[in-house]
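Here the structure is laid out as structure tokens; the discussion comes afterwards.
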Amino acid sequence: MNTKITIRPVEEKDFSGLLEIENSIWTNENSPVLHYYASLDEYKEKISGRTIFVAVDNQKVHGYIDVHHPTPLLAHKKQWMLGIGVHPESQSLGIGRQLLDYVKGAATENNIHKISLRVMGSNTKAIQFYRKNGFIQEALFKDEFFINDHYCDDYQFAYFTN
């Protein structure tokens, strides 16, 4: 990729690109729910209240990372849960790493101590990716999901900012 990727907060013009990513990356290998949004309004409703950062160039949205507190409890104000997605055509170009690096910096700036995520056991590439980027396994949810007549484990990973 020769163009420069910029990571920044989401803007209105990014939503159609985000919808394209959402509707193209989820499978039974990486999500217990197959996401498909029939309209931009349906997608916007789903992500309402989340803080979203996008990886963009002058052509398109290549990926996103969204963060939110796990619950509305005051006791969770120092933790973010994250979701991440990279367009299929933009995978393996370092965009996921750039997004994680950006959100780690944003977490530090926002006094967030812990960033956590869940990842399905069948998504071995993602597990390797998170470990490579400093996330540690906190939990194993054995046989958490029953998908296509098989049980699937789910893991929780975390990154601590300080």
Side-chain angles (χ1 to χ4, degrees), residues 1-72 76-120 123-136 154-162:
M1 177 175 297
N2 296 331
T3 52
K4 172 132 174 63
I5 297 294
T6 301
I7 300 178
R8 58 164 171 74
V10 69
E11 297 174 3
E12 184 69 28
K13 65 183 178 183
D14 303 322
F15 285 115
S16 61
L18 290 173
L19 178 63
E20 181 182 337
I21 292 170
E22 280 291 308
N23 282 347
S24 66
I25 63 173
W26 302 113
T27 70
N28 284 138
E29 295 296 312
N30 60 21
S31 178
V33 177
L34 296 181
H35 303 272
Y36 182 83
Y37 301 97
S39 71
L40 207 49
D41 288 338
E42 182 183 357
Y43 175 66
K44 284 181 180 181
E45 184 178 322
K46 177 253 182 189
I47 61 171
S48 177
R50 294 194 176 181
T51 300
I52 302 173
F53 304 103
V54 292
V56 297
D57 63 15
N58 56 4
Q59 304 284 325
K60 69 187 261 187
V61 176
H62 292 275
Y64 71 89
I65 193 164
D66 73 69
V67 295
H68 61 280
H69 298 292
T71 72
H76 268 146
K77 72 179 181 179
K78 300 288 186 183
Q79 180 180 353
W80 279 345
M81 294 285 297
L82 74 78
I84 187 170
V86 176
H87 194 285
E89 295 171 1
S90 302
Q91 292 179 3
S92 300
L93 299 175
I95 291 169
R97 180 193 48 76
Q98 291 177 58
L99 285 162
L100 282 181
D101 288 348
Y102 185 91
V103 90
K104 288 174 185 177
T108 300
E109 290 172 14
N110 287 280
N111 206 19
I112 298 297
H113 172 67
K114 178 180 178 180
I115 305 167
S116 57
L117 61 94
R118 301 259 311 250
V119 58
M120 289 176 51
N123 196 353
T124 56
K125 285 184 180 180
I127 291 169
Q128 290 173 337
F129 169 74
Y130 295 125
R131 286 185 172 138
K132 182 178 176 183
N133 283 279
F135 284 74
I136 59 167
D154 201 41
Y155 293 86
Q156 181 163 314
F157 280 82
Y159 177 85
F160 295 89
T161 60
N162 53 26

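Numbering of residues begins at 1 and proceeds along the displayed sequence.
A heavy-atom distance below 4.5 Å is found between the side chains of Leu100 and Phe129.
In plain terms, the two heavy atoms of Ile5 and Ala55 that are nearest each other are CG2-CB, 3.8 Å. Residue Ile112 comes nearest to Lys77 through the heavy atom pair CD1-O, 3.4 Å, listed as atom of the first residue, atom of the second, then distance. Annotation for Phe135 and Ile115: closest pair CE2-O, 3.7 Å, computed over non-hydrogen atoms. Shown here for Leu40 and Phe15, the closest heavy-atom pair between the two residues is CD1-O, 3.5 Å.
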Go through Asp14 and Arg8 one step at a time and tell me if the salt bridge (Lys or Arg N to Asp or Glu O under 4.0 Å) criterion holds. CA-CA 11 Å; Asp14 303 322; Arg8 58 164 171 74; 2.7 Å; yes
Applying salt bridge (Lys or Arg N to Asp or Glu O under 4.0 Å) to Glu89 and Lys60, what does each step give before you reach the verdict? CA-CA 11 Å; Glu89 295 171 1; Lys60 69 187 261 187; 3.2 Å; yes
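Within a 6.0 Å radius of NZ in Lys46, more than 12 heavy atoms belonging to other residues, nucleotides or ligands are found. Heavy atoms from other residues, nucleotides or ligands lying under 6.0 Å from NZ of Lys44 number more than 12.
Side-chain polar atoms of His76 and Thr71 form a donor-acceptor pair below 3.5 angstrom. Using modelled atom types, one finds no donor on one side chain facing an acceptor on the other under 3.5 Å when comparing Gln79 with His69.
Judged by distance alone, with hydrogens and angles left aside, the side-chain atoms of Glu42 form a donor-acceptor pair with the main-chain N or O of Ala38 at under 3.5 Å.
A distance of 12.5 Å separates CD1 of Ile65 from CD1 of Ile95, quoted to the nearest 0.5 Å.
For the pair Lys104 and Tyr159, the cation sits on the ring face: its NZ or CZ lies under 6.0 Å from the ring centre, inside 45° of the axis.
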